[in-house]
Amino acid sequence: MLSKENNELICRVGPGTPMGNLMRQYWVPALPSNEFPGPDCLPKRMRLLGENLVMFRDSKGRMGALEEYCPHRGASLYFGRNEDGGLRCSYHGWKFDITGACLDAPSEQPERRERFCANIKARAYPCHEVNHMVWVYMGPRKEPPPFPAFEINTLPADHVGHPRIMMEEANWLQNMEGDLDSAHLDWVHRRLTEESPKPEKGIRGFWNPTGRPPVLDVAPTDYGVFYSARRVLKDGDEWHRINQYIFPFHTMITVGDGTVNLRSFVPVDDEHAMLISQTGHPTQRLSNEAMNAHGTMFDEVGGFVDRTNDPRTYFLTKANKRNDYGRDLKAQAETMFCGIPFVGNLQDRAMTELMTNERGEAIYDRTKEHLGSSDAMIVAVRRQLINAATRLRDEGKVPANVDNVELDRVRSASLRYPAGADWKALSAPARRVNPDQPSAADVPLIL
């Protein structure tokens with residue numbers, strides 16, 4: 001379990017918090033490129049790490065992100081006019097470019113305007129756009145750190161699908177911990193029997209061939225943690241699902257089909273996070289269907305709620321905690337252990353979004369937990385996060401992969417080995433990026 005102090009440290013991400021300061025050392029994926037279809041299109045409100053932003057594509061097609069509030073008198077730049085190389089506030093016409101430079105202050109007298117503007121700057125955040133995704137740097141460095149070298153960022157654009165995004169109404173950590181918990185596959189995601197068919201909605205449930213719980217072996221690294229969840233196959237071989245955690249909030253999980261992926265649990269604030277899933281193939285172009293799967297993934301559970309200008313409504317599925325996530329009691333009785341459709345992380349959300357603390361916030365009080373051997377990865381990741389956040393706070397030192405982005409070039413893998421094999425040594429090539437090979441997929445996710 002965690003102490004209350006460490007639980008607060010690890011969960012809170014606002015400005016000035018230890019975990020928020022750690023996350024601000026990194027580039028953060030924010031919104032898909034297609035949210036900004038062309039130069040001078042409408043700006044969008046965004047909220048990241050508890051801060052309100054306005055994002056826009058300028059007249060030259062460059063992406064910008066500004067603090068929402070105009071530095072003149074605090075009006076929302078969301079209502080600004082995006083034109084002629086900058087965002088012009090609707091309150092008094094002050095105009096700012098993507099660097100935050102004040103281009104115009106027409107409420108001032110013409111003869112002093114240029115000198116006045118030179119002393120005004122909006123708070124701006126550098127943006128980097130790659131493979132259908134816009135990333136933002138919100139940290140303290142005048143020059144941002146190197147851009148992350150995740151494989152998904154370095155593949156050709158036509159090898160990478162458009163991002164799949166789902167809003168999660170809970171603290172980022174409890175959402176991410178679900179992704180790093182291999183033992184729950186045998187329960188919340190499983191089908192009732194080996195022969196159970198695919199239910200009406202969602203994919204067919206997971207099946208553990210022998211029913212024995214996985215044995216976890218965890219390896220902390222300079223960039224985070226990787227681990228094997230070892231299960232026994234019917235022929236006696238061992239199935240190693242090798243997954244990755246990468247600072248500050250990224251995972252790579254095994255799907256067993258040769259693709260590579262990056263999953264980012266990006267905090268919107270302390271009680272909301274976006275799960276941003278990016279998938280690509282190292283050696284082949286994606287079909288149009290695979291490229292655009294993000295647009296149809298949640299159709300069978302009703303799609304997304306109608307957006308407002310509140311970023312917390314972006315990518316929120318109609319199946320959510322207010323309607324039990326579309327739970328199907330007939331499917332639960334006949335085919336699936338859990339009646340919530342196995343669509344994206346919908347089942348996982350049902351497990352994590354109702355966790356609260358004594359104030360009713362969607363931040364679980366981890367002093368109440370009772371952890372077991374199947375939670376070894378959860379323990380290791382928490383330890384890495386607490387150590388990294390406190391080391392930055394107390395010593396000013398950042399994790400190695402802030403500046404050495406080559407450490408990000410890792411993969412997950414699904415591997416079959418004889419019983420007792422040295423999985424760490426044998427899997428080392430599969431855990432590294434190899435541009436000429438698909439990801440290792442000896443065993444599919446669904447048997």
Side-chain angles (χ1 to χ4, degrees), residues 1-26 28 48-51 138-140 168-184 216-227 243-251 263-275 348-349 351-402 407:
M1 68 178 71
L2 290 181
S3 67
K4 281 190 177 292
E5 293 75 18
N6 278 341
N7 198 51
E8 287 288 299
L9 180 148
I10 203 170
C11 291
R12 304 286 181 182
V13 298
T17 62
M19 190 56 63
N21 289 344
L22 177 67
M23 290 184 176
R24 285 168 174 79
Q25 302 299 318
Y26 292 88
V28 177
L48 291 172
L49 308 182
E51 296 187 45
M138 301 175 67
E168 300 189 313
E169 298 181 285
N171 182 259
W172 73 279
L173 182 64
Q174 60 209 55
N175 296 328
M176 188 181 76
E177 286 183 341
D179 225 42
L180 298 171
D181 172 12
S182 193
H184 84 270
L216 269 62
D217 194 1
V218 176
T221 69
D222 287 343
Y223 63 80
V225 191
F226 70 89
Y227 77 109
N243 296 340
Q244 301 274 0
Y245 161 73
I246 303 128
F247 286 121
F249 43 54
H250 305 287
T251 68
R263 293 160 66 85
S264 307
F265 291 82
V266 178
V268 174
D269 52 32
D270 288 345
E271 296 187 73
H272 300 82
M274 296 181 298
L275 169 51
D348 304 74
R349 280 173 55 198
M351 301 300 107
T352 60
E353 288 186 347
L354 302 185
M355 298 176 180
T356 65
N357 60 19
E358 68 278 4
R359 295 187 292 274
E361 298 170 302
I363 302 175
Y364 188 61
D365 178 1
R366 290 175 175 79
T367 66
K368 299 178 179 180
E369 291 179 327
H370 298 80
L371 304 183
S373 60
S374 65
D375 301 304
M377 182 62 172
I378 305 300
V379 172
V381 170
R382 290 177 186 177
R383 185 175 292 122
Q384 289 284 71
L385 281 167
I386 291 169
N387 289 343
T390 55
R391 191 176 187 214
L392 175 62
R393 181 193 65 194
D394 300 339
E395 303 174 36
K397 296 180 179 178
V398 299
N401 69 327
V402 170
L407 293 172

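Quick caveat, the model's predicted, so the values are computed rather than measured.
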message: For the residue pair N7 / Y364, report whether a side-chain donor-acceptor contact shorter than 3.5 Å exists.
response: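 No, because no side-chain N or O of Y364 sits under 3.5 Å from a partner of the opposite role on N7.
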query: Can you find a side-chain donor-acceptor pair between Y227 and Q244 that sits under 3.5 Å?
result: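 Result is no, nothing qualifies.
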Can a salt bridge be assigned to the pair [X] and [Y] using a cut-off of 4.0 Å between side-chain N and carboxylate O?
{"X": "R24", "Y": "E51", "answer": "yes"}
{"X": "R12", "Y": "E5", "answer": "no"}
{"X": "E168", "Y": "R263", "answer": "no"}
{"X": "R366", "Y": "E177", "answer": "yes"}

Could you give the distance from [atom1] ([X]) to [atom2] ([Y]), rounded to the nearest 0.5 Å?
{"X": "T17", "Y": "I10", "atom1": "OG1", "atom2": "CD1", "answer": "12.0 Å"}
{"X": "K368", "Y": "L2", "atom1": "NZ", "atom2": "CG", "answer": "14.0 Å"}
{"X": "I246", "Y": "T251", "atom1": "CD1", "atom2": "OG1", "answer": "7.5 Å"}
{"X": "M176", "Y": "D348", "atom1": "CE", "atom2": "CG", "answer": "13.5 Å"}
{"X": "K4", "Y": "L9", "atom1": "NZ", "atom2": "CG", "answer": "14.5 Å"}
{"X": "T356", "Y": "D365", "atom1": "OG1", "atom2": "CG", "answer": "9.0 Å"}

field: Contacts of type side chain to side chain contact (heavy atoms under 4.5 Å, CB included), residue L354, not counting sequence neighbours
entry: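 With sequence neighbours excluded, L354 shows a side chain to side chain contact (heavy atoms under 4.5 Å, CB included) to K321, Y325, given in chain and number order.
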- request: List for me each residue that meets side chain to side chain contact (heavy atoms under 4.5 Å, CB included) alongside A170, sequence neighbours excluded, and say none if there are none.
  value: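 Testing A170 for side chain to side chain contact (heavy atoms under 4.5 Å, CB included), a comparison that skips the adjacent residues, returns Q174, N175, E353, A362.
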- request: Determine, step by step, whether V218 and V225 satisfy the side chain to side chain contact (heavy atoms under 4.5 Å, CB included) criterion, reporting the C-alpha distance in whole Å, the side-chain angles of both residues, the deciding distance to 0.1 Å, and the verdict.
  value: CA-CA 7 Å; V218 176; V225 191; 3.4 Å; yes
ring-ring contact (aromatic ring centres under 6.0 Å, His included) against F226, all qualifying residues, sequence neighbours excluded: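 Only W423 meet the ring-ring contact (aromatic ring centres under 6.0 Å, His included) criterion with F226.
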- prompt: Considering residues at least two apart in sequence or located in another chain, which fulfil the ring-ring contact (aromatic ring centres under 6.0 Å, His included) criterion with Y245?
  reply: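 Y245 satisfies ring-ring contact (aromatic ring centres under 6.0 Å, His included) with F247 once adjacent residues are dropped.
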Heavy-atom pair with the smallest gap, counting every atom of [X] and [Y]:
{"X": "L407", "Y": "Y223", "value": "O-CD2, 3.6 Å"}
{"X": "P15", "Y": "L49", "value": "CD-O, 3.9 Å"}
{"X": "V13", "Y": "P267", "value": "CG2-CB, 3.8 Å"}
{"X": "P248", "Y": "L385", "value": "O-CD2, 3.8 Å"}
{"X": "G14", "Y": "D270", "value": "N-OD1, 4.1 Å"}

- prompt: Checking side-chain hydrogen bond (donor to acceptor under 3.5 Å, both in side chains) for the pair H272/N171: CA distance, chi angles, key distance, verdict?
  reply: CA-CA 6 Å; H272 300 82; N171 182 259; over 6 Å; no
- request: Output yes when a side-chain donor or acceptor of N357 lies under 3.5 Å from a complementary backbone atom of G360, and no otherwise.
  value: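 Between the backbone of G360 and the side chain of N357 there is a qualifying donor-acceptor contact (under 3.5 Å).
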Indicate every side-chain donor-acceptor pair of residues 387-399 with a distance under 3.5 Å to a residue at least two apart or in another chain.
| unit_1 | atom_1 | unit_2 | atom_2 | d |
| --- | --- | --- | --- | --- |
| N387 | ND2 | R383 | O | 3.3 |
| T390 | OG1 | I386 | O | 2.8 |
| T390 | OG1 | N387 | O | 3.2 |

- prompt: Partners of D181 by side-chain hydrogen bond (donor to acceptor under 3.5 Å, both in side chains), sequence neighbours excluded?
  reply: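 Residues passing side-chain hydrogen bond (donor to acceptor under 3.5 Å, both in side chains) with D181: none at all.
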message: So, applying side chain to side chain contact (heavy atoms under 4.5 Å, CB included) with M377, which one of L180, N243, D217 is it?
response: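 Of L180, N243, D217, side chain to side chain contact (heavy atoms under 4.5 Å, CB included) with M377 is met by L180 alone.
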Reference residue F249; test side chain to side chain contact (heavy atoms under 4.5 Å, CB included); the match among L173, L22, V266: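 Answer after filtering L173, L22, V266: V266.
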task: Could you walk me through whether M23 and V28 pass side chain to side chain contact (heavy atoms under 4.5 Å, CB included), step by step?
output: CA-CA 8 Å; M23 290 184 176; V28 177; 5.7 Å; no
